There are 2 protein chains.
Amino acid sequence: MLSQTAIYALRAVGFIAGSDPTRPILSSHLSEQLGIPQNYLSKIMHRLVQAGFLKSKRGTRGGFVLARSASKITIKDIIVLFMNIDQFEQCFLGNVKCDGSCGMHAQWKPIMSEFKSFINKNTIDKLF
Amino acid sequence: MLSQTAIYALRAVGFIAGSDPTRPILSSHLSEQLGIPQNYLSKIMHRLVQAGFLKSKRGTRGGFVLARSASKITIKDIIVLFMNIDQFEQCFLGNVKCDGSCGMHAQWKPIMSEFKSFINKNTIDKLF
DNA sequence: CTATTATATGATTTCTTCATGATGATGTCA
DNA sequence: TGACATCATCATGAAGAAATCATATAATAG
């Protein structure tokens, strides 16, 4: 459902959201606590900074902090950075523009609606 | 959600289930109609034969037919052949053995339950 | 028996995702 | 200033999924 990378990103952001906001979190600390390969995580963090969800600070007492309130960042915001969200619009057998004629449509649509609503309404302060 | 290969397999099986059962379906015909690379499909078909869902016949008037009634083959039966179904048991952030303590568990579980029930109760005669 | 029609299958290539290692750049503090 | 801490970036590699190529094998028709 989610790519490994998206999962890593959500875990990392969630961890930061659950920490003392006055203390930057080290990339190495995240890596250790969450079991994410350090260098790989480093790139993920960088993308999160560039996208404006985190702020990074180098040097002593550096690390990562949230760039905005955790309750203002949805799970979906993070997911779209790391995976193609079009797949959530597809019908069961991968048809992007299913007009409802496929036999599964009526049953499949509500399941995906639930999922989309789930990632849309939940913010990262609920992750931990 | 589903791997490309699983989607191909379901489309192929669904197509056969919707065809005249007295006439074997050619692999080349499936490939054309469903837009699946021929040689790749050939291997998928072979796995379906080995697993007992299809019967194959070579030579003139050969092709593939269902080995048993379409209403006796669930979508899940096909899926498990082509992807690891464990991922459907995971909690939202990939934790296989989430004890319910994660913040998302209560919301996530019913969504996955719906999905699992969906693939379990629907048979391939409903695919077309 | 042989030409034709099909499926079967192994080897190889390509693409993407995930991961690692080494090095560069920058901020802090004594 | 200089040592160190920390993020940033580059370049490479490993693994799996997807796709392709080439060829083998089998059944049928005539």
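Proteins come first, then strands; the chains are lettered A, B, ... in the order of their sequence lines, and each starts at number 1. Note that the structure is a prediction, hence the values are computed from the model and not measured. Below, each value reflects all heavy atoms present in this structure, side chains not excepted, and no hydrogens, waters or symmetry copies.
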**OP:** For residues B:Phe82 and B:Tyr8, establish whether the separation of their ring centroids is below 6.0 Å.
**Re:** no
Original post:
Rounded to the Å, how far apart are B:Arg47 CZ and D:dA18 P?
Top reply: 10 Å
**OP:** Rounded off to whole Å, could you give me the CG-to-P distance for the B:Leu26 and D:dA27 pair?
**Re:** 17 Å
**OP:** Would you mind telling me which of D:dC7, C:dT9, C:dA19 lies closest to the side-chain atoms of A:Pro37?
**Re:** C:dA19
Subject >> Integer-rounded Å distance: D:dA18 P and B:Leu2 CG >> reply: 11 Å
Subject >> D:dC7 OP1/OP2 closer than 4.0 Å to side-chain N/O of A:His46 >> reply: no
Original post:
Could a donor-acceptor pair under 3.5 angstrom be found where the side chain of B:Lys57 meets the base of C:dT5?
Top reply: no
Subject >> Side-chain N or O of B:Tyr8 closer than 4.0 Å to phosphate OP1/OP2 of D:dA19 >> reply: yes
Subject >> Atom-pair distance (CE on B:Met45; P on D:dT25), nearest Å >> reply: 22 Å
Original post:
Between B:Lys43 (NZ) and C:dT12 (P), how many Å, whole number?
Top reply: 12 Å
Original post:
Should B:Arg61 be listed as having a side-chain N or O under 4.0 Å from OP1 or OP2 of D:dA29?
Top reply: yes
Original post:
Base, sugar-phosphate, or nothing: which does A:Ser42 touch, judged by heavy atoms less than 4.0 Å apart?
Top reply: base
**OP:** Look at the side-chain N and O atoms of B:Ser56 and state whether any lies under 4.0 Å from the OP1 or OP2 oxygen of C:dA6.
**Re:** no
Original post:
If you pin A:Gly59 and A:Gln50 to their nearest nucleotides in DNA chain D, which one's is more 5'?
Top reply: A:Gly59
Original post:
Looking at the side chain of A:Thr60, which of C:dT7, C:dC29, D:dA19 is the nearest nucleotide?
Top reply: C:dC29
Subject >> Below 4.0 Å: OP1/OP2 of C:dT28 and any side-chain N or O of A:Arg58 >> reply: no
Original post:
In whole angstroms, how far is the P atom of D:dA27 from the NZ atom of B:Lys55?
Top reply: 15 Å
Original post:
Which one, D:dT20, C:dT7, D:dC7, comes nearest to the side chain of B:Phe64?
Top reply: C:dT7
**OP:** For this output row, return yes or no: ring centroids of A:Phe88 and A:Phe115 closer than 6.0 angstrom.
**Re:** yes
Subject >> Nearest-Å distance for atom pair CD1/P, residues B:Ile44 and D:dA19 >> reply: 8 Å
**OP:** May I ask you to decide if B:Thr74's main-chain N or O and B:Asp77's side chain share a donor-acceptor pair within less than 3.5 Å?
**Re:** yes
**OP:** Dump the intermediate steps for side chain to side chain contact (heavy atoms under 4.5 Å, CB included) on A:Lys116 and A:Glu89, then the final yes or no.
**Re:** CA-CA 9 Å; A:Lys116 286 189 286 183; A:Glu89 300 300 332; 3.1 Å; yes
**OP:** Using a heavy-atom cut-off of under 4.0 Å over every strand shown, decide if B:Leu41 touches base, sugar-phosphate, or nothing.
**Re:** nothing
**OP:** Using atom CD1 of A:Ile25 as one end and atom C1' of D:dA5 as the other, report the distance to the nearest whole Å.
**Re:** 16 Å
Original post:
So, do A:His29 and A:Phe15 have ring centers that fall under 6.0 Å from each other?
Top reply: yes
